[in-house]
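All ligand and atom numbering here is 1-based and tracks the order in the structure. Source: prediction; values computed, not measured. Worth knowing before you read on, the calculation uses all heavy atoms, side chains too, and leaves out hydrogens, waters and symmetry mates.
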Amino acid sequence: MVLIDTHAHLEEIKDLDEALSKARSVEVVAVITMGSDYRSSLWAIRNCGEHVSGLRVYPALGVHPWSAGSLNTEEMNALLELMHENVENFVAVGEVGLDYWYKEVRRDPGKRGAQKAIFKEMLRVAVEYGKPVSVHSRGAWRDCLNIVAESGVESAIFHWFSGSLEVLKEIIDRGYLISATPAAAYSREHRLAIESTPLENIVLETDSPVTYRGETAEPAHVTRTLRAVAQIKGLDEASVEDRTTKNARNIFRI
Ligand SMILES: [Zn+2]
């Protein structure tokens, strides 16, 4: 039995070796680390590979919607070059998307434009290189889905999906996936989404080192995600682990 944490921000974890050793001890064999801007994407490329014996880190490259407002042209060009040079190495475009609940965007909805422009550019790259995307869609679920569908991207994971069932149905119909996080233990919206999604369309993650109910997440906590999904689905953990790990291997081709 093996687990894959499909979405983490490893560059933000304080004692990474310790966290990855702990993850390995609970059967985690792979972690996909997300890029949020040029700097963290570069970190992802430089730090991919086998960290502790039997656990590999795979890089995803992208611009998080929270970084969209501050990314300058130079950084964008550097990121595009990084993607071009490492086309064989990176496994996904992410974390990309829209966040209409982000404080700057709530204050000034005009800032949605910058998020959309960068998101579309990242999706263009995903199509060009045939990569899956990890999509952040908080408060912007419908627009995210429409933009992804229009872009022609074939494989997408709507990360930590907590939007409406109407959008979710379309995500599933289009063959896209959602990811479950440790919030599956308590978030009503997230639990409902997991309940309403076939296991074939779910992967597991932690979004480390985000804070869940006062506790900082680490990749080992993907076991908590597993436990919550098994409980929601009324299935044993082994079958959820088996299926979701297969889904992750398929979409990231790892
Ligand atoms: Zn994230």
Side-chain angles (χ1 to χ4, degrees), residues 3-14 16 19-20 23 28 30-45 47-48 57-71 79 90-105 115 118-119 122-123 126 131-141 144-145 148 153 155-163 171 176-185 187 189-190 193-194 202-213 215-222 224-225 228 244 248 251-252:
L3 283 163
I4 296 176
D5 181 355
T6 64
H7 183 120
H9 300 267
L10 296 185
E11 85 284 4
E12 293 175 23
I13 292 180
K14 282 192 197 100
L16 185 58
L20 292 178
V28 176
V31 180
I32 317 292
T33 191
M34 295 288 133
S36 301
D37 50 20
Y38 171 64
R39 186 193 52 81
S40 55
S41 293
L42 186 62
W43 186 95
I45 285 293
N47 290 275
C48 61
V57 170
Y58 294 90
L61 310 180
V63 182
H64 194 288
W66 297 353
S67 307
S70 57
L71 192 85
L79 176 63
F90 75 99
V91 297
V93 171
E95 176 169 359
V96 297
L98 306 172
D99 190 335
Y100 293 167
W101 290 358
Y102 185 53
K103 51 189 187 308
E104 273 181 23
V105 177
Q115 287 191 352
I118 288 179
F119 185 31
M122 290 289 104
L123 292 172
K131 302 284 182 186
V133 287
S134 187
V135 184
H136 175 113
S137 56
R138 191 177 68 152
W141 300 285
C144 270
L145 174 59
V148 169
V153 160
S155 305
I157 299 170
F158 287 78
H159 140 76
W160 197 339
F161 188 83
S162 306
I171 287 173
Y176 299 143
L177 275 60
I178 68 165
S179 63
T181 71
S187 157
E189 292 80 8
H190 191 40
I194 292 161
I202 298 176
V203 290
L204 309 180
E205 57 140 309
T206 62
D207 206 13
S208 300
V210 80
T211 303
Y212 296 96
R213 291 183 151 178
E215 198 186 349
T216 304
E218 52 182 288
H221 294 178
V222 73
R224 300 182 186 191
T225 311
T244 55
I251 194 162
F252 295 112

Between H9 and D207, is any side-chain donor less than 3.5 angstrom from a side-chain acceptor?
yes
Should M34 and I32 count as side-chain neighbours, where that means a heavy-atom distance under 4.5 Å?
yes
Side-chain heavy-atom pair Y58, I4 within 4.5 angstrom cut-off
no
In the protein, how many N/O/S atoms are under 2.8 Å from the Zn ion (ligand 1)?
4
Judged by modelled atom types alone, do H7 and S134 share a side-chain donor-acceptor pair under 3.5 Å?
yes
Could you list the residues that satisfy side-chain contact (heavy atoms from CB on, under 4.5 Å) with D99, not counting sequence neighbours?
P65, W66, W101, Y102, Q115, H136, R138
Quick one, L71 and S67 - any side-chain contact, counting heavy atoms below 4.5 Å?
no
